[in-house]
Amino acid sequence: KSSFAKTIIKKIEEAYSIEAAEGELGYLTSILRRKSYIKNNGRKIDSIEIQILINEFIFNLAKEMDIKYYLNSDLFDLLENHLKLLIYRLSLNDSVVNVLFDEIYQSYPEMFEIVKRNLREIEACLGLEIQPNELSFIVMYAMAILENRSNTQSKGQVRLRIVCNSGSGTAQL
């Protein structure tokens with residue numbers, strides 16, 4: 001979110017011919033870090049091909065995990081939005097660090113392989129390899145989807161609300 005804050009500050013400086021005061025960038029970054037963007041209907045993807053590849057990735061991932069994706073549409077929508085943001089970040093040469101990477105990698109190494117295998121076409125289209133740290137977020141969504149499938153098959157219903165500053169993927173997991 002710091003690169004997003006830098007872009008905002010730069011555009012404001014250019015638009016109003018001013019120079020941002022010292023500390024403004026840090027303050028704006030801290031505000032953005034407290035925000036979570038779940039719905040992403042306004043973002044345009046540069047290519048319809050990328051949109052198709054994202055949908056194919058989700059379809060193939062669901063098929064490989066033996067999940068009917070239309071039954072978990074909310075979680076798959078979150079995954080789709082995450083992939084759009086991931087591609088946008090990669091276009092800016094930006095990435096995020098998942099503080100839970102080690103734990104996720106140790107707990108779900110098979111899912112890393114499944115996700116990586118299904119991302120090959122997106123990587124080929126982008127001309128780059130998606131790094132393990134970024135993969136770990138996608139794995140979190142996949143495991144949340146699997147967990148949701150397991151929970152929907154159980155008879156008891158548990159109701160709870162999770163508030164998480166790491167984003168919806170962490171909360172869903």
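All residue numbers refer to positions in the sequence shown, counting from 1.
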| Shared hydrophobic cluster, L100 / V97 (ILVMFWY, side-chain heavy atoms < 4.5 Å) |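 They do not share one cluster, since no chain of ILVMFWY contacts under 4.5 Å joins L100 to V97.
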
I need the [X] [atom1] to [Y] [atom2] distance, nearest 0.5 Å.
X    : Y    : atom1 : atom2 : answer
N81  : L86  : CG    : CG    : 12.5 Å
I67  : F59  : CD1   : CZ    : 13.0 Å
I138 : I104 : CD1   : CD1   : 11.5 Å
M140 : N98  : CE    : CG    : 5.5 Å
E24  : T29  : CD    : OG1   : 10.5 Å
L83  : F137 : CG    : CZ    : 12.5 Å

| said: Are L92 and T7 packed together at the side-chain level, in the sense that at least one heavy-atom pair is separated by less than 4.5 angstrom? | reply: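 L92 vs T7: side chains apart.
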
| query | Quick one: does I145's side chain get under 4.5 Å of L61's, heavy atoms only? | reply | no

Any pair with a residue in [range] that passes salt bridge (charged side-chain N to carboxylate O under 4.0 Å, His left out), sequence neighbours left out, goes on the list, sorted by first then second residue, please.
range            : answer
residues 131-143 : R89-E134
residues 97-106  : none
residues 2-19    : none

| task | Kindly write out the residues that satisfy side-chain hydrogen bond (donor to acceptor under 3.5 Å, both in side chains) with N133, not counting sequence neighbours, or none if the list is empty. | result | none

| remark: Residues passing the side-chain hydrogen bond (donor to acceptor under 3.5 Å, both in side chains) test with S107, sequence neighbours excluded, are none

Please find the pair of heavy atoms, one from [X] and one from [Y], that lie closest to each other, and give the distance.
X    : Y    : answer
L25  : S2   : CD1-O, 4.3 Å
L28  : A5   : CD2-O, 3.7 Å
F101 : P132 : CE1-O, 3.4 Å
S3   : D94  : OG-OD2, 2.7 Å
Y141 : L79  : CB-CD1, 3.8 Å

| request: Show the numbers, then the answer: is there a side-chain contact (heavy atoms from CB on, under 4.5 Å) between D77 and E80? | output: CA-CA 5 Å; D77 287 346; E80 180 181 358; 4.3 Å; yes

Enumerate, atom names and distances included, each donor-acceptor pair closer than 3.5 Å involving a side-chain atom of residues 110-130, sequence neighbours excluded.
unit_1, atom_1, unit_2, atom_2, d
K116, NZ, E123, OE1, 3.4
K116, NZ, E123, OE2, 2.6
K116, NZ, E129, OE2, 3.3
R117, NH2, E64, OE2, 2.2
N118, ND2, E64, OE1, 3.0
N118, ND2, I114, O, 2.8
E123, OE2, I130, N, 2.7

